[in-house]
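Note sheet for the following structure.
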Amino acid sequence: MFWKILSIVLASVIKTFFAPSIGFAVGLSFGVTFAATALGAMAGFTLFYFFCDIILNRFYKKKKSHPTEKQLRKARKIVSFKKKYPVWLFIPMLPVMSVPVMAVVVRKFFRRNKPVFALSLLTVTLFALVGCLVFSPIQYL
């Protein structure tokens, strides 16, 4: 039982939406599957959110000190996107990619916006619930 739950937790660290299918396939109940998926997703997001600075700092140390014109255009597009769309419309789209990508994007672009971390945890938990609801018919096969 422990190994089944651990496999769901580890799968949901990377892909929250598809992790409940594993739980239902091995015969776990809805509540246990949802709890394991939500726990893994929140733990994975928190881990990648707080440790992505270390990874990004090592990546940017190897870069040139002066940005190129291409990098400046890219930065301008990001700034205009952030000004045009509010953060609460952007965050629910991110778990579709994966939890680590979501954490890095949120940390890099929305670091100074305080409620974004809580909103991201709520979004990841809601994606765990949606995944459980979508894949729950597997347990009846």
Side-chain angles (χ1 to χ4, degrees), residues 1-65 67-141:
M1 179 80 157
F2 172 76
W3 296 109
K4 293 177 184 179
I5 294 172
L6 184 65
S7 67
I8 297 169
V9 169
L10 293 176
S12 66
V13 165
I14 303 298
K15 258 325 210 183
T16 303
F17 185 72
F18 296 109
S21 63
I22 298 169
F24 293 125
V26 296
L28 295 176
S29 68
F30 183 87
V32 172
T33 303
F34 171 67
T37 305
L39 176 74
M42 287 189 291
F45 179 79
T46 305
L47 177 84
F48 286 111
Y49 182 82
F50 288 113
F51 290 112
C52 77
D53 283 341
I54 298 169
I55 297 166
L56 291 176
N57 285 339
R58 288 187 184 193
F59 177 73
Y60 285 122
K61 282 183 182 176
K62 297 176 184 175
K63 293 283 185 175
K64 293 185 270 184
S65 61
T68 63
E69 185 64 35
K70 185 178 179 182
Q71 291 172 337
L72 289 174
R73 270 185 276 152
K74 184 177 173 184
R76 285 186 198 115
K77 284 182 184 179
I78 291 169
V79 169
S80 68
F81 183 83
K82 283 174 58 174
K83 286 182 178 181
K84 187 186 277 188
Y85 300 108
V87 68
W88 56 271
L89 285 176
F90 183 67
I91 297 295
M93 295 183 327
L94 288 175
V96 173
M97 292 181 278
S98 71
V99 175
V101 171
M102 177 185 176
V104 170
V105 168
V106 168
R107 181 70 175 188
K108 185 167 171 59
F109 298 120
F110 300 105
R111 176 184 308 211
R112 290 172 179 63
N113 195 344
K114 296 297 180 193
V116 170
F117 182 74
L119 180 66
S120 299
L121 287 179
L122 178 69
T123 303
V124 167
T125 305
L126 288 176
F127 257 74
L129 179 64
V130 169
C132 285
L133 291 173
V134 168
F135 290 111
S136 64
I138 290 176
Q139 65 185 344
Y140 301 115
L141 294 178

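Numbers here simply count residues along the sequence, with the first being 1.
- Closest approach of Ile22 to Ala11, counting heavy atoms only: CD1-CB, 3.6 Å.
- Annotation: ring-ring contact (aromatic ring centres under 6.0 Å, His included) contacts of Tyr49 (sequence neighbours excluded): Phe45, Phe117.
- Minimum heavy-atom separation, Phe30 to Ser136: CD1-CB, 4.2 Å.
- Residues satisfying the side chain to side chain contact (heavy atoms under 4.5 Å, CB included) test with Ala35, not counting sequence neighbours, are none.
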With a 3.5 Å cut-off and sequence neighbours excluded, list the donor-acceptor pairs that the side chains of residues 126-134 form with protein atoms.
none

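- Remark: Lys70 engages Thr68, Arg73 in a side chain to side chain contact (heavy atoms under 4.5 Å, CB included) (not counting sequence neighbours).
- To the nearest 0.5 Å, atom CD1 of residue Ile5 and atom CG of residue Leu28 are 6.0 Å apart.
- Within the 4.5 Å cutoff, the side chain of Val99 has no heavy atoms near those of the Val13 side chain.
- Phe34 is not listed as a side-chain neighbour of Pro20, based on a closest heavy-atom distance of 4.5 Å or more.
- Atom CD1 in Ile8 sits 14.0 Å away from atom CH2 in Trp3 (nearest 0.5 Å).
- Across every non-hydrogen atom of Ala41 and Ser12, the tightest pair is N-OG, 3.4 Å.
- Applying the side chain to side chain contact (heavy atoms under 4.5 Å, CB included) rule to Val116 yields the partners Val87, Ile91, Val106, Phe110, Asn113, Ser120; only residues at least two apart in sequence or on another chain are considered.
- A search for side-chain hydrogen bond (donor to acceptor under 3.5 Å, both in side chains) contacts involving Lys74 returns nothing, not counting sequence neighbours.
- Counting heavy atoms from C-beta outward, Met102 and Val124 have side chains that approach closer than 4.5 Å.
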Full working for side-chain contact (heavy atoms from CB on, under 4.5 Å) between Lys4 and Val32: CA-CA 10 Å; Lys4 293 177 184 179; Val32 172; over 6 Å; no

Test side-chain contact (heavy atoms from CB on, under 4.5 Å) applied to Thr125 and Thr37, step by step: CA-CA 8 Å; Thr125 305; Thr37 305; over 6 Å; no

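- Within the structure, salt bridge (Lys or Arg N to Asp or Glu O under 4.0 Å) pairs that include any residue of residues 111-136 comprise Asp53-Arg111 (at least two apart or interchain).
- Residues satisfying the side chain to side chain contact (heavy atoms under 4.5 Å, CB included) criterion with Val105, sequence neighbours excluded, are Phe90, Leu94, Val101, Phe109.
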